J.: 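Mind having a look at this structure? Questions to follow.
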Amino acid sequence: MTVENADSGPTAPIDVFREVVNSRRSVRKFDETPLPDDVIRDCLELAMRAPNSSNLQPWEFHVVRSQDLRKSMVPACFGQNAARTAQAMIVVVARTDTWSKHCRDLLAEWPGGEVPKLARQYYEKLAPFNYTQGPFGVFGFAKRILFGLVGLFRPVPRFPVSLSDMKLWATKSTALACENLMLALRARGFDSCPLEGFDEVRVRKLLKLPRNRHVVMIVAAGKSAPNGVYGEQFRFDSE
């Protein structure tokens, strides 16, 4: 069911959205219910609708489905029940090395074909200036000094100016996609658990990922077992 919003088009009724959000829990044990491939693909498509910096989409999703590989991943996740019982494990990776290619791809695939002048200037000039750090981060260090001086007189962008800043930049957008992914799974009647407890080096080795891939989290997915949720959900008072 959808309702029409005059300003932004079709939107889900707030009660439906509230139900999805409130029913999403970090499930620690999954049952044997299969998680269909078409559900995973649909949820990943919705994950990639997440807002992200400059639409550069610095993410990558590795879906671990085979039983053997899932078993190999369990020790790297410290034997957690969510990893051990998941029907699929989605390893969500942040990329700091794709922004330049994605700038070119966006211009090549621009809807309608004709790229607005401001957009072309941004992706051809401003984005490279913002995100280029140079060998060993030398250009980023120069930008830090430049922005510090100019910032004495007017507001300036002070981020990202280092390789670690780029990692944070990519991680923020990728984390937004993770939230979309988990809400999409819940809306499709499945459950998830975002795992931060894992040995990233071992996970990269198992998936044959280069060192420049940063594993943000592993989303264990499936259908909750009757004892899959360990306790009542609570949050601090909003004040």
Side-chain angles (χ1 to χ4, degrees), residues 44 47-64 73 76-78 89-110 115-182 193-219:
L44 289 174
M48 291 187 289
R49 294 287 181 172
N52 62 95
S53 179
S54 299
N55 200 26
L56 291 175
Q57 305 165 57
W59 47 52
E60 195 169 79
F61 304 87
H62 298 264
V63 182
V64 179
M73 290 278 288
C77 296
F78 310 126
M89 301 173 71
I90 304 170
V91 181
V92 189
V93 172
R95 299 280 303 265
T96 60
D97 61 335
T98 57
W99 66 264
S100 182
K101 178 181 182 300
H102 287 184
C103 281
R104 297 191 298 272
D105 290 345
L106 282 167
L107 294 174
E109 299 176 24
W110 198 269
V115 183
K117 181 179 178 181
L118 287 177
R120 183 171 294 280
Q121 289 177 338
Y122 180 81
Y123 288 112
E124 289 182 343
K125 297 179 180 179
L126 186 57
F129 178 80
N130 285 343
Y131 301 122
T132 297
Q133 303 304 317
F136 306 105
V138 171
F139 184 59
F141 181 73
K143 286 193 294 183
R144 185 190 298 273
I145 296 174
L146 174 64
F147 293 156
L149 293 174
V150 177
L152 295 173
F153 306 99
R154 63 181 177 86
V156 293
R158 301 175 189 263
F159 172 95
V161 292
S162 69
L163 299 177
S164 61
D165 280 356
M166 287 298 294
K167 184 176 178 180
L168 177 59
W169 167 80
T171 296
K172 288 193 290 186
S173 288
T174 302
L176 293 173
C178 291
E179 176 74 359
N180 267 29
L181 173 61
M182 290 183 284
C193 184
L195 304 179
E196 288 191 292
F198 56 85
D199 184 327
E200 184 174 5
V201 173
R202 282 179 166 78
V203 170
R204 284 204 310 265
K205 284 183 178 178
L206 285 168
L207 299 183
K208 299 180 172 59
L209 300 177
R211 291 186 63 183
N212 63 358
R213 308 297 200 272
H214 170 52
V215 181
V216 174
M217 69 181 72
I218 299 172
V219 178

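Numbering starts at 1 and runs along the sequence shown. Since the structure is predicted, the reported quantities are computational estimates derived from the model, not experimental observations.
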J.: Kindly check if the number of other-residue, nucleotide or ligand heavy atoms within 6.0 Å of CZ (Phe136) is above 12?
T.: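 No - once you tally the heavy atoms of other residues, nucleotides and ligands closer than 6.0 Å, there are 12 at most.
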J.: Rounded to the nearest 0.5 Å, how far does NE2 of His214 lie from CG of Asp97?
T.: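 Interatomic distance, Asp97 CG to His214 NE2, rounded to 0.5 Å: 13.5 Å.
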J.: So which atom in Met89 and which in Ile218 form the shortest heavy-atom distance, rounded to 0.1 Å?
T.: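 Residues Met89 and Ile218, closest heavy atoms: CE-CG2, 3.9 Å.
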J.: Taking atom CG of Leu176 and atom OG1 of Thr171, what is their separation to the nearest 0.5 Å?
T.: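 Leu176 CG to Thr171 OG1: 11.0 Å, rounded to 0.5 Å.
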J.: Side chains of Leu206 and Val64: does their closest heavy-atom pair fall under 4.5 Å?
T.: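 Counting from C-beta outward, Leu206 and Val64 never come under 4.5 Å.
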J.: Taking Ser53's backbone N and O only, do any of them form a donor-acceptor pair with Ser173's side chain (distance below 3.5 Å, no angle check)?
T.: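 Answer holds: yes.
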J.: Taking atom CZ of Phe78 as the centre, report whether more than 12 heavy atoms of other residues, nucleotides or ligands fall under 6.0 Å from it.
T.: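 Check passes, neighbour count above 12.
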J.: What closest approach, in Å, do Gly148 and Arg158 show between heavy atoms, and which atom pair accounts for it?
T.: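 Result for this residue pair: CA-NH1, 4.1 Å.
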J.: How about Leu146 and Val156: do any of their side-chain heavy atoms sit closer than 4.5 Å?
T.: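 No; the side chains remain at least 4.5 Å from each other.
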J.: So, do Pro128 and Glu124 sit near enough that their side-chain heavy atoms are less than 4.5 Å apart?
T.: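 They are not in side-chain contact.
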J.: Do other residues, nucleotides or ligands put more than 12 heavy atoms under 6.0 Å from Arg120 CZ?
T.: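 Check passes, neighbour count above 12.
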J.: Provide the closest heavy-atom pair for Leu56 versus Tyr123 in the form atom of the first, atom of the second, distance.
T.: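 Residues Leu56 and Tyr123, closest heavy atoms: CD2-CE2, 4.0 Å.
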J.: Can you name the nearest heavy-atom pair linking Val115 to Ala119, along with the distance?
T.: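 For Val115 and Ala119, the tightest heavy-atom pair comes out as CG1-CB, 3.9 Å.
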J.: How long is the gap from CZ on Phe159 to CE on Met166, to the nearest 0.5 Å?
T.: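 Here the interatomic distance stands at 8.5 Å.
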J.: Give the minimum heavy-atom separation between Gln133 and Ser162, together with the two atoms involved.
T.: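 Residues Gln133 and Ser162, closest heavy atoms: OE1-N, 3.0 Å.
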J.: For the atom pair CG (Asn55) and CG (Leu106), what is the distance rounded to the nearest 0.5 Å?
T.: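 With rounding to 0.5 Å, CG (Asn55) is 5.0 Å from CG (Leu106).
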J.: Please check: side-chain N/O of Glu60 versus main-chain N/O of Val93, any donor-acceptor pairing under 3.5 Å?
T.: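 Answer holds: no.
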J.: Would you give the length of the straight line joining atom CG of Asn130 to atom OG of Ser54, rounded to the nearest 0.5 angstrom?
T.: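 The CG atom of Asn130 sits 7.0 Å away from the OG atom of Ser54.
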J.: Rounded at 0.5 Å granularity, tell me how far SG in Cys77 sits from CZ in Arg202.
T.: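 Taking SG in Cys77 and CZ in Arg202, the distance rounds to 12.0 Å.
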J.: Take Met73 and Phe198 through the side-chain contact (heavy atoms from CB on, under 4.5 Å) test and state the conclusion after the steps.
T.: CA-CA 9 Å; Met73 290 278 288; Phe198 56 85; over 6 Å; no
J.: Would Leu126 and Gln121 count as a side-chain contact (heavy atoms from CB on, under 4.5 Å) here? Give the steps.
T.: CA-CA 7 Å; Leu126 186 57; Gln121 289 177 338; over 6 Å; no
J.: Which atom pair, heavy atoms only, marks the closest approach of Val219 to Val92?
T.: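 Of all heavy-atom pairs spanning Val219 and Val92, the closest is CG2-CG2, 4.2 Å.
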J.: Kindly indicate, with the supporting measurements, whether the criterion side-chain contact (heavy atoms from CB on, under 4.5 Å) is fulfilled by Leu209 and His62.
T.: CA-CA 10 Å; Leu209 300 177; His62 298 264; 3.4 Å; yes
J.: Take the angle between the ring planes of Tyr131 and Trp99 and call it parallel below 30°, perpendicular above 60°, tilted in between.
T.: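 Plane angle between 30° and 60°, so tilted.
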J.: Can Leu163 and Lys167 be said to form a side-chain contact (heavy atoms from CB on, under 4.5 Å), step by step?
T.: CA-CA 6 Å; Leu163 299 177; Lys167 184 176 178 180; over 6 Å; no
